[in-house]
Amino acid sequence: MKYVALLSGGKDSCFNLLHCQHNHHQLLAAATLSPHSGKDEIDSYMYQTVGQDAVALVAQALDVPLYRRVIQGNPVEQAAEYGLKSAGGGGIAGDETEDLYALLCDVLEHHPDIQAVSVGAILSNYQRVRVEHVCRRLSLTPLAYLWQRNQTSLLSEMISSGLNAILIKIAGAGLTPSDLARPLSSMQPKLISLHRKFGTHPCGEGGEYETFTTDSPLFKSCIDIKSKEVVVVDQSDVAPVAYLRIKHALLIKKEVTPAPSLDIHVPPLLEHSFETLLRHVEKSLYGAASDSASGTNSLHPHAQPELGPSVRRIGPWIAVGNVRLPTSHSRPSSVGEEVTRCFEILQSAYRLVTVTLSPILSARPAGQTFTRTSGTPPIFSDHYAPPSRPRRTNVLFC
């Protein structure tokens with residue numbers, strides 16, 4: 001898909017671009033939100049604003065246009081939910097999330113063929129909820145390949161990928177102003193040590209530190225910081241707060257810029273414990289004989305018996321499984337038709353226990369069909385009003 005990159009200049013937003021490239025998405029533009037002129041940083045719940053004085057160089061290094069917007073709003077709605085819950089519902093007037101909506105509207109005006117948004121979110125549910133809300137309103141697909149990854153592993157992957165970043169802000173226990181401007185690679189042992197001693201986040205997801213990316217396999221030029229200034233905000237002995245003001249930086253063209261050969265680690269779809277659980281579920285449904293006949297541990301769809309949806313009550317919850325089109329049905333002409341027919345099957349299953357689809361908090365399609373399709377979110381919103389809560393229901397279409 002063609003996509004726009006939400007850039008802060010930090011390691012997360014830049015590393016997510018490598019995963020987008022690995023998955024054959026096409027970068028058309030970059031977009032960023034910044035504080036008013038004369039301010040290095042503001043207290044935003046949504047956006048990294050420190051380092052904005054040099055983020056334009058990151059877009060130039062990527063060789064894409066940069067769209068900017070000054071943050072006008074404030075964190076008006078600070079609850080876990082955001083915006084109206086009805087399908088296609090709007091946001092909250094005056095909230096900083098609406099600045100992102102306006103920014104992406106501007107990008108789409110210039111690039112109407114953009115289908116997706118690259119987001120470097122790792123752990124912040126607050127950020128995820130609001131980005132998904134904006135993307136849903138604009139029929140865009142969020143590309144967040146770092147979401148809920150193990151941070152120790154992720155930090156190592158960032159460093160080994162060839163991405164170079166420096167610390168541009170520190171605000172966590174054990175970090176000092178002397179750590180500013182140090183490369184992430186040289187900071188890794190200290191960050192891991194602090195994580196083991198105090199439970200801090202190796203990737204800085206607790207606000208312990210922020211970074212600025214000076215090079216990446218996708219950069220056509222690297223960024224050379226010529227002049228900088230350390231600004232100390234809080235001289236606390238336990239967790240001082242300080243940031244780096246980049247006063248002057250240059251782009252240095254790389255001598256050779258062939259198409260990058262990316263060595264990106266792609267985590268398995270399921271963690272080991274859940275992979276084991278899946279095998280147990282398969283055997284309980286189809287019996288060990290299926291595995292013996294196929295000679296493998298995975299079930300072959302064409303060898304499976306035609307089983308309808310299973311519906312069970314588990315305390316206050318209702319579990320529905322095996323929602324899929326029977327092989328005897330005619331092949332759907334589109335993804336939208338397949339989704340609609342599966343939801344009809346799901347609705348019929350719910351009628352067996354006299355409830356409707358309204359209890360569904362969220363549904364996430366998985367599988368190759370949907371990773372290539374930008375139209376999935378609007379299709380799902382036709383069948384239920386997706387609120388802004390963490391995932392509770394996963395719908396897998398095979």
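All values below come from the heavy atoms of this structure, side chains included, with hydrogens, waters and symmetry mates left out. Along the sequence shown, residues are numbered consecutively beginning with 1. Worth saying up front: this structure is predicted, and the values here are computed from it rather than measured.
Judged purely by atom type and a 3.5 angstrom limit, Asn16 uses its side chain to pair as donor or acceptor with the backbone of Val119. At distances below 3.5 Å, at least one donor-acceptor pair connects side-chain atoms of Thr32 with backbone N or O atoms of Leu7. Panel note: side chain Ser186, backbone Arg182; no donor-acceptor pair is recorded below 3.5 Å. With His25 contributing its side chain and Met1 its backbone, the two residues share a donor-acceptor pair below 3.5 Å. Of the possible polar contacts, one joining the Ser236 side chain to the Val238 backbone as a donor-acceptor pair under 3.5 Å is found. In this structure, the side chain of Gln52 does not engage the main chain of Thr49 through any donor-acceptor pair within 3.5 Å. One N or O on the side chain of His110 and one on the backbone of Asp106 form a donor-acceptor pair closer than 3.5 Å. Tyr82 contributes a side-chain N or O that, together with a main-chain N or O of Ile92, makes up a donor-acceptor pair within less than 3.5 Å. Using a distance-only test at 3.5 Å, with no hydrogens or angles considered, a donor-acceptor pair links the side chain of Thr200 to the main chain of His195.
To the nearest 0.5 Å, atom CD of residue Gln48 and atom CD of residue Gln127 are 10.0 Å apart. Residue Leu218 holds its CG atom at 9.0 Å from CG of Leu163, rounded to the nearest 0.5 Å. Note: Ile225 CD1 to Leu244 CG = 6.5 Å, rounded to the nearest 0.5 Å. Residue Met187 holds its CE atom at 5.0 Å from CG of Leu175, rounded to the nearest 0.5 Å. Considering CD of Gln21 and OG of Ser216, their distance stands at 9.5 Å, rounded to 0.5 Å. In this structure, the separation between SG on Cys203 and CG on Leu155 is 5.0 Å, given to the nearest 0.5 Å.
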Run Ile170 and Thr176 through side-chain contact (heavy atoms from CB on, under 4.5 Å) and show every step you take. CA-CA 7 Å; Ile170 54 99; Thr176 67; 5.6 Å; no
Check the pair Glu157 / Arg149 against side-chain contact (heavy atoms from CB on, under 4.5 Å), numbers first and verdict last. CA-CA 11 Å; Glu157 291 169 22; Arg149 289 288 314 282; 2.6 Å; yes
From CA spacing to verdict: salt bridge (charged side-chain N to carboxylate O under 4.0 Å, His left out), Arg128, Glu132: CA-CA 6 Å; Arg128 176 195 65 79; Glu132 287 184 350; 2.8 Å; yes
Please lay out, stage by stage, how Leu100 and Val131 fare under the test side-chain contact (heavy atoms from CB on, under 4.5 Å). CA-CA 8 Å; Leu100 175 60; Val131 170; 4.1 Å; yes
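The salt bridge (charged side-chain N to carboxylate O under 4.0 Å, His left out) check on Glu275 picks up Arg279, with sequence neighbours excluded.
Comment: Glu210 does not engage Lys11 in a salt bridge, judged by the lack of any side-chain N to carboxylate O separation of less than 4.0 angstrom. Note on Asp53 versus Lys247: no salt bridge recorded, every NZ/NE/NH1/NH2 to OD/OE distance being 4.0 Å or above. Look at Arg130 and Glu98 and you find no salt bridge, because none of the NZ, NE, NH1 or NH2 atoms lies under 4.0 Å from a carboxylate O.
In the hydrophobic cluster analysis, where Ile, Leu, Val, Met, Phe, Trp and Tyr join through side-chain heavy atoms closer than 4.5 angstrom, Ile168 is grouped apart from Leu250. With hydrophobic clusters built from ILVMFWY side chains whose heavy atoms lie under 4.5 angstrom apart, Val70 does not share a cluster with Leu66. Under the 4.5 Å side-chain heavy-atom criterion for ILVMFWY residues, no single connected hydrophobic cluster contains both Val266 and Phe15. In the hydrophobic clustering of this structure, Val230 groups with Leu184; members are Ile, Leu, Val, Met, Phe, Trp, Tyr whose side-chain heavy atoms approach within less than 4.5 Å, directly or through other members. Grouping the Ile, Leu, Val, Met, Phe, Trp and Tyr side chains by contacts below 4.5 angstrom, directly or via other members, places Ile252 apart from Leu62.
Atom NE2 of His36 has more than 12 heavy atoms from other residues, nucleotides or ligands within 6.0 Å. For Gln78, the CD atom sits in a packed shell: over 12 heavy atoms of surrounding residues, nucleotides or ligands are nearer than 6.0 Å.
Taking the ring centroids of Tyr3 and His111, they lie at or beyond the 6.0 Å cut-off.
When all heavy atoms of Leu194 and Ala173 are compared, the closest pair comes out as CD1-O, 3.6 Å.
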